[in-house]
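Note sheet for the following structure.
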Amino acid sequence: MILQQLVDSLSLEVLTEGADLMRGVSGGYVSDMISDVIGNAREGQVWITFQVHLNIVAAASLKGLSAIIMVNNRRPLPETLQRASEENVVIMTTSLPAFDLVGLLYDLGLRCR
Amino acid sequence: MDILGAEMLSNNDDGKIVVENVYCADLMSNVLSYSITNSLLITNLTNAQVVRTADVADIKAIVFCRGKKPELGTIMLAERKTIPLLVTGLSMFEACGRLYENGLRSDKDTGRQ
Amino acid sequence: MTSSSEGTFFLTGKDFVKAGTASGSLKRVLEDMGVPSAVVRRAAIAAFEAEMNTIIYAVAGIMHYYVTAEMIKVVIQDMGQGIENIELAMTEGYSTAPDYIREMGFGSGMGLPNIKKNVDKFMLSSVSGEGTTLEFIINLEKT
């Protein structure tokens with residue numbers, strides 16, 4: 001599975017310019033706690049979160065996550081978006097709440113073991 | 001609750017909790033802002049604030065993920081507020097995915113599908 | 001619904017063990033008075049967010065409530081760092097909370113907007129370096 005497939009199936013809005021949507025997706029991780037993501041998320045997962053703070057970019061970059069998907073129509077702070085572009089981290093957003101988005105991703109076959 | 005292989009932590013309930021909606025989050029303002037009454041809350045946080053937030057937001061029950069059990073004080077507080085606590089060994093992503101697969105939604109009245 | 005009630009709770013900054021108890025007590029008071037549950041929820045949510053702000057950012061504060069047949073009025077006054085830029089503080093997602101607060105599930109920049117969303121009248125004033133006063137009113141007659 002690649003990011004483009006998720007964007008197409010779930011009508012996600014891509015916020016980072018020139019984002020590489022050919023990246024592979026190995027699974028999903030849902031959390032709003034940065035320490036939890038740093039500790040437990042795995043490379044290639046998409047990270048579903050309500051957080052918009054600058055620190056999420058560093059966490060995603062550190063763990064080699066495929067993308068960050070914000071829920072409930074949350075938008076990154078300007079500095080978050082800026083840093084994401086610099087560090088080549090893909091940020092997307094959806095109007096869905098996290099539970100429903102995860103449900104749909106699960107439906108598409110993503111897992112988190 | 002069998003879906004999650006969850007264990008009941010508080011003993012003030014007969015195991016039959018009727019939930020209409022599910023919400024997953026670690027940020028309490030998010031829960032207060034978007035969750036619907038009579039929801040089940042899935043979270044990674046195990047502090048007493050989660051129980052207090054649940055009380056204020058009329059959350060029916062709380063599920064903690066990754067086998068993380070709250071402190072005794074949190075469990076006692078939940079018993080006083082009659083909010084059942086459960087713990088599952090699953091990640092939040094898996095827990096949400098499985099519940100979604102079984103027909104639960106964030107908001108059963110306006111939720112998609 | 002019984003006629004009226006009034007009371008005060010004391011809030012201690014950084015006391016995360018007790019944080020939320022004042023709003024929980026206020027919720028009980030409103031329930032016992034027979035206030036409709038949807039209104040109780042709105043008041044409890046607004047009070048909880050305001051209480052958490054005091055716990056997170058201030059040294060100490062008080063929460064005072066008045067309930068009449070017409071309205072619920074809650075005033076939260078604290079001594080602390082205050083808010084430098086209220087307009088910015090009201091922006092969803094903006095927060096000055098340190099990381100350890102975020103790891104506790106707070107500081108997502110939703111608190112103040114969330115209070116405003118749940119109340120009928122909202123007043124916020126602050127002197128940077130001294131403290132903040134937040135007052136909100138929820139009308140009861142409409143319900």
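We name chains A, B, ... by the order of the sequence lines, and we start the count at 1 in each one.
- Looking at R66(B), the atoms closer than 4.5 Å to chain A (heavy atoms on both sides) all sit in the side chain, from C-beta outward.
- The part of I48(A) that comes within reach of chain B is its side chain, from C-beta onward, which places non-hydrogen atoms under 4.5 angstrom from that chain.
- Inspection of the D26(B) and T43(B) side chains reveals an N or O donor paired with an N or O acceptor under 3.5 Å.
- If you tally non-hydrogen atom pairs under 4.5 Å between each of V71(A), D36(A), N72(A) and chain B, the highest count goes to N72(A).
- Between Y34(B) and F50(A), the ring-plane angle classifies as perpendicular under the 30° and 60° cut-offs.
- Formation of a donor-acceptor pair under 3.5 Å by the K60(B) side chain with backbone atoms of L40(B) is not found in this model.
- Taking S106(B), C96(B), C65(B), A95(B) one by one and counting their heavy-atom pairs under 4.5 Å with chain A, the maximum is reached by S106(B).
- In this structure, the portions of L104(B) lying under 4.5 Å from any heavy atom of chain A include both its backbone and its side chain.
- If you measure heavy-atom distances from Q45(A) to chain B, you find no contacts under 4.5 Å at all.
- A 4.5 Å side-chain heavy-atom check between T46(B) and T74(B) finds every atom pair outside the cut-off.
- Per-residue counts of heavy-atom pairs under 4.5 Å with chain B were compared for S31(A), A98(A), G103(A); the largest is that of G103(A).
- Of the listed residues (T37(B), V19(B), V31(B), V50(B)), just one forms a side chain to side chain contact (heavy atoms under 4.5 Å, CB included) with I59(B), and that residue is V31(B).
- Remark: the backbone N or O of C112(A) is paired with a side-chain donor or acceptor of E94(B) at under 3.5 angstrom.
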